[in-house]
Amino acid sequence: MLLSKKMGVYLNQAHFLFKQCFLTELVNNNVDITPEQYLLIDLLWDDGPLTQKEIADRMQKDKNSITKLIERLEKKGYVIRKTDNDDRRKNVVEVTTFGQAQKQEITHIAINAADNILGGIPEDELAKVVEVLNKLNKNMKKLLKKK
């Protein structure tokens with residue numbers, strides 16, 4: 001198999017399996033969110049309230065997908081949407097008191113899941129993988145901008 005083909009296959013497989021392992025950890029710890037919902041709420045924990053557009057841009061997802069993620073997190077009590085005071089056409093999404101209360105536990109679960117997934121791989125190898133993935137992302141972003 002060509003190296004470029006292997007790369008695509010392994011990236012896709014690693015992405016799928018990483019999400020499955022993380023979802024399993026969340027379920028095993030009775031946390032009723034998906035990995036994608038975790039990424040959204042983690043973004044809000046780190047950066048504070050954001051508009052739906054800002055979330056879509058940072059997560060590199062379309063606005064419809066983000067709307068669905070927000071709606072599900074809203075139903076579960078993790079986030080709330082409020083109209084932006086400066087621009088009534090925009091919704092600002094912020095973490096609820098309940099969502100803030102869950103931060104430490106869910107973050108701990110996420111870190112443990114990542115540690116288990118990455119266990120046994122030397123730090124210098126992980127650093128190299130991160131470096132290569134960063135270069136791949138830059139290449140792909142350039143390609144997408146050309147179109």
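Position 1 is the first residue of the sequence; numbering continues from there.
Val27 pairs in a side-chain contact (heavy atoms from CB on, under 4.5 Å) with only one of the listed residues (Leu23, Thr24, Asn30, Val31), which is Leu23.
Contact of the Ile117 side chain with the Glu25 side chain is not registered, since no non-hydrogen atoms from C-beta on lie closer than 4.5 Å. When side chains are defined from C-beta on, Ile41 does not count as touching Gln102, because their heavy atoms never get closer than 4.5 Å. Counting heavy atoms from C-beta outward, Asp57 and Glu54 have side chains that stay 4.5 Å or more apart. For the pair Leu11/Leu136, a side-chain contact is recorded, criterion being any heavy-atom separation below 4.5 Å from C-beta on. For the pair Arg81/Glu74, a side-chain contact is recorded, criterion being any heavy-atom separation below 4.5 Å from C-beta on. Taking the side chain as every heavy atom from C-beta outward, Lys142 and Lys145 never approach each other to under 4.5 Å. Within the 4.5 Å cutoff, side-chain heavy atoms of Ile106 are placed close to those of Tyr78. Residues Asn112 and Asn29 have side chains not in contact (no heavy-atom distance under 4.5 Å, counting atoms from C-beta outward).
Nearest approach of Val92 to Pro49, heavy atoms of both residues: CG1-CB, 3.5 Å. The nearest pair of heavy atoms linking Met59 to Leu69 is CE-CD1, 4.2 Å. Smallest separation of non-hydrogen atoms from Thr96 and Val79: CG2-C, 3.6 Å.
Applying the side-chain hydrogen bond (donor to acceptor under 3.5 Å, both in side chains) criterion to Gln52, with sequence neighbours excluded, gives Thr67, Asn91. With sequence neighbours excluded, the residues satisfying side-chain hydrogen bond (donor to acceptor under 3.5 Å, both in side chains) with Lys82 are Glu94. Applying the side-chain hydrogen bond (donor to acceptor under 3.5 Å, both in side chains) criterion to Lys63, with sequence neighbours excluded, gives no partner residue.
No chain of hydrophobic side-chain contacts below 4.5 Å, direct or via other Ile, Leu, Val, Met, Phe, Trp or Tyr residues, connects Ile80 to Leu50. Cluster annotation: Leu43 and Val93 are assigned to the same hydrophobic cluster (Ile/Leu/Val/Met/Phe/Trp/Tyr, side-chain heavy-atom contacts under 4.5 Å, transitive). Linking Ile, Leu, Val, Met, Phe, Trp and Tyr whenever their side-chain heavy atoms come within less than 4.5 Å puts Leu39 and Ile33 in one cluster. Linking Ile, Leu, Val, Met, Phe, Trp and Tyr whenever their side-chain heavy atoms come within less than 4.5 Å puts Leu44 and Phe98 in one cluster. Cluster annotation: Trp45 is connected to Phe22 through the hydrophobic network of ILVMFWY side chains, with a link wherever side-chain heavy atoms come within less than 4.5 Å.
Taking CD of Gln60 as the start and CG of Leu144 as the end, the distance is 9.0 Å to the nearest 0.5 Å. Note: Leu17 CG to Tyr10 OH = 12.0 Å, rounded to the nearest 0.5 Å. Lys141 contributes atom NZ, which lies 16.0 Å from atom NZ of Lys146 (distance to the nearest 0.5 angstrom). Atoms SG and CG, on Cys21 and Leu26 in that order, are 11.5 Å from each other to the nearest 0.5 Å.
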* Apply side-chain contact (heavy atoms from CB on, under 4.5 Å) to the pair Arg72 and Thr34, showing each step before the final yes or no. => CA-CA 10 Å; Arg72 289 183 184 118; Thr34 66; over 6 Å; no

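Ion pair Glu131/Lys128 flagged as a salt bridge, since at least one NZ, NE, NH1 or NH2 atom sits closer than 4.0 Å to an Asp/Glu carboxylate oxygen.
At distances below 3.5 Å, not a single donor-acceptor pair connects side-chain atoms of Gln37 with backbone N or O atoms of Leu73. No side-chain donor-acceptor contact under 3.5 Å links Glu125 to the backbone of Pro122.
Around atom NZ of Lys76, more than 12 heavy atoms belonging to other residues, nucleotides or ligands sit under 6.0 Å away.
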